[in-house]
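Below is one structure, written out as structure tokens; the observations come after it.
Just so you know, these numbers come straight off a predicted model, no measurement behind them. The basis for the numbers below is simple: all heavy atoms, side chains too, and nothing from hydrogens, waters or symmetry mates. Lettering of chains follows the sequences in order, A, B, ..., and the numbering in each one begins at 1.
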There are 2 protein chains.
Amino acid sequence: MTERDWRPRYIQVAEDLRDQILRGELPPGSAMLSETDLSERYDLSRTSVRNAIKQLKDWGLVRSKQGQGTYVRAPRQRVERRHTERYQWEKDRARLGEPERGETGATEFDTGLDLPDLEFRAKYTIVEADDNLAGIFGVPAGTALLKREYWTSTRSEDSPLSLVRSYLLRDIVAANPDLMDEAKEPWPGGTQNQLYTLGIELETIVDRLTARPPLPEEADVLDIEVGVSVLVLHKTSIDTQGRVVEFSEVILPGDRTEIVHVTTLERWA
Amino acid sequence: MTERDWRPRYIQVAEDLRDQILRGELPPGSAMLSETDLSERYDLSRTSVRNAIKQLKDWGLVRSKQGQGTYVRAPRQRVERRHTERYQWEKDRARLGEPERGETGATEFDTGLDLPDLEFRAKYTIVEADDNLAGIFGVPAGTALLKREYWTSTRSEDSPLSLVRSYLLRDIVAANPDLMDEAKEPWPGGTQNQLYTLGIELETIVDRLTARPPLPEEADVLDIEVGVSVLVLHKTSIDTQGRVVEFSEVILPGDRTEIVHVTTLERWA
DNA sequence: GAGTGGTCTAGACCACTGT
DNA sequence: CAGTGGTCTAGACCACTCC
């Protein structure tokens, strides 16, 4: 750390520690000096040192555990979600019989993931459409919807890869009682196959993407610091008749998710 | 604020103020009580009150100005980036003559925005490809690249909508000296038209999206708090011969940007 | 000059984790 | 138990803005 710097001391400390982490002197998983040690080391009060550590948390570089210490975060396994290909792939398989679908070896569902070792929990409820959902589906507010919530994770890690809230019109789904039974999840073939059993063919899927800091409960469930961002995906599925048949909100941890979209352009003559 | 709560006082204060903001009792733009006033009001030290305010900043709800006060942030105008349509639209116009392109009334370029009142600054430099860029373009490390940096904003607001770092192979671009002159920006017709003057036709565009907290300098330039997220878009443009001809990194403020991708599925027979 | 937020100190007690 | 981070206090001085 250089002398004579006009910036706040705690920022200088934060940057010094950041550089140590980025240079690999403080490898992922290693413990930092304790706050009291750091305050001696940098000749600062513990409050200022905590300020510096707060910065590092906001940058997503460290995490603290009460009673233990502060550790350098390991860059976690990043997961690619190739939406363009995935949606078509799911559609291609939606009409196949269950054996063929099973043979793909993939647990296919809403998240677009096809890792072989996925695990998830589901919860179904019936809710009434609020103004926002009513607008999306083009139905009156108060219309009954089937709300499906998913917590998806890989078996190897316990922190979920995604949180999903998915909505379907109850009156449409009711034609196949199996679809209203959360115990039937994971449905082999995914949502598009579920819709196929109702005679619905999807034609268009619209992804809308934003980023924001996680809500406290999301940070908790996804096992991320408040200083890490989440991707918010609003996915609208439209069938061949132009009806909105499904809407889902997917919350993804920004530090481990990469969403891929491929646009193929028409050739010039 | 209810009595008897096991959570930290500063969190309770933050939530109390958050609720006041969400209920509209503290409208956007209004000043909050000063830190000293708040510490009297809640019977807490100024440090704890500052802790609460830090929370509100992390949630993106308020901003402080030294010497003035702390103000409720106005929810900013959200900008939609409809990538799927945009890329094709840009390609359709790339071959038109300049008059026709001008007639569309849009300043078209890399960001995918077509607001009529866009303003931006550009900076061109020649750099050598690092390992990462070399891998993307499939060229040896050290190959000369034209690096173009853009700061885009609307004329009505002074905070930029996006930061763009775009890379092109210098040896390809050199065929048209106009393209290496930053004073020629904004190029009517955008990047696809620039490439057209070199005889290059794009066929595929790959968008890769992630979210993370902003770096300090990004937060500064985009005028967002460190507690607000940014969307990071890595866009790779591939021509009809499968060559990567452009790579760009776009930084977008997560609180005002929504990226839209439309996937059209093939019809069942 | 008065008031604001930004930084910083030198303490204190607590909850939690290890041994 | 000792050591850790989490919370909190009651001060202080500073840079900045507005009047």
Pairwise side-chain contact, B:Val62 with B:Leu17, heavy-atom cut-off 4.5 Å (strictly under):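 Counting from C-beta outward, B:Val62 and B:Leu17 never come under 4.5 Å.
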Below 3.5 Å, can you tabulate the donor-acceptor pairs from side chains in residues 21-34 of chain B to any protein atom, sequence neighbours excluded?
from, atom 1, to, atom 2, distance (Å)
B:Arg23, NE, B:Glu25, OE2, 2.6
B:Arg23, NH2, B:Glu25, OE2, 3.2
B:Ser30, OG, B:Pro27, O, 2.6
B:Ser34, OG, B:Thr36, OG1, 3.2
B:Ser34, OG, B:Asp37, N, 3.2
B:Ser34, OG, B:Asp37, OD2, 3.4

Check ion pair A:Glu246-A:Arg148 (N to O, under 4.0 angstrom):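 Judged by the 4.0 Å cut-off on N to carboxylate O distance, A:Glu246 and A:Arg148 do form a salt bridge.
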Charged N-O contact under 4.0 Å between B:Arg81 and B:Asp207: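 Between B:Asp207 and B:Arg81 there is no salt bridge, as every charged N stays at least 4.0 Å from the carboxylate O atoms.
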Distance, nearest 0.5 Å, that separates CG of B:Leu146 from CD1 of B:Ile126: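 Nearest 0.5 Å value for the CG-CD1 distance: 5.0 Å.
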Spacing of OG1 belonging to A:Thr47 relative to OH belonging to A:Tyr10, to within rounding of 0.5 Å: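 Between A:Thr47 OG1 and A:Tyr10 OH, I get 13.0 Å after rounding to 0.5 Å.
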In whole Å, I'd like the distance from the [atom1] atom of [X] to the [atom2] atom of [N].
X: A:Leu56; N: D:dG5; atom1: CG; atom2: P; answer: 13 Å
X: B:Tyr71; N: C:dG3; atom1: OH; atom2: P; answer: 15 Å
X: A:Glu40; N: D:dT4; atom1: CD; atom2: P; answer: 10 Å
X: B:Gln12; N: D:dT7; atom1: CD; atom2: P; answer: 12 Å
X: A:Lys54; N: D:dG5; atom1: NZ; atom2: P; answer: 16 Å

DNA chain D contacts made by residues 27-38 of chain A, counting heavy atoms under 4.0 Å: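 Heavy-atom contacts with DNA chain D come from A:Ser34, A:Glu35, A:Thr36.
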Taking only side-chain nitrogens and oxygens of [X], does any of them come within less than 4.0 Å of OP1 or OP2 of [N]?
X: A:Tyr10; N: C:dC8; result: no
X: A:Arg50; N: D:dG6; result: yes
X: A:Lys57; N: D:dG5; result: no
X: A:Thr70; N: D:dG5; result: yes
X: B:Ser64; N: C:dT4; result: no

Geometric class of the A:His83/A:His261 ring pair [parallel <30°, tilted 30-60°, perpendicular >60°]: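 Perpendicular.
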Ring geometry between A:His234 and A:Phe247 (parallel below 30°, tilted from 30 to 60°, perpendicular above 60°):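 Answer is tilted, since the angle falls between 30° and 60°.
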Any donor-acceptor N/O pair, A:Arg9 side chain to A:Tyr42 backbone, under 3.5 Å: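 Yes.
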Minimum heavy-atom distance B:Leu56-B:Ala14, with the two atoms named: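 Heavy-atom minimum between the residues: CD2-O, 3.5 Å.
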Candidates C:dG6, D:dG5, D:dA10 - which lies nearest the side chain of B:Thr47: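 Nearest listed nucleotide: D:dA10.
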Annotated protein contacts, base or backbone, on nucleotides 13-19 of chain D with a non-hydrogen cut-off under 4.0 Å, one of B, S, - each: --BBBS-
Which residues share a salt bridge (charged side-chain N to carboxylate O under 4.0 Å, His left out) with B:Glu35, sequence neighbours left out: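 B:Glu35 satisfies salt bridge (charged side-chain N to carboxylate O under 4.0 Å, His left out) with B:Arg46, B:Arg50 once adjacent residues are dropped.
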For A:Arg41, salt bridge (charged side-chain N to carboxylate O under 4.0 Å, His left out) partners two or more places apart: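 In terms of salt bridge (charged side-chain N to carboxylate O under 4.0 Å, His left out), with neighbours along the sequence ignored, A:Arg41 is linked to no residue.
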Touch class at under 4.0 angstrom, heavy-atom based, for B:Ile53 against every strand present: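 The residue B:Ile53 makes no contact with any strand.
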Strand DNA chain C in bracket notation, Watson-Crick/G-U under 3.5 Å with | for pairs to another chain: |||||||||||||||||..
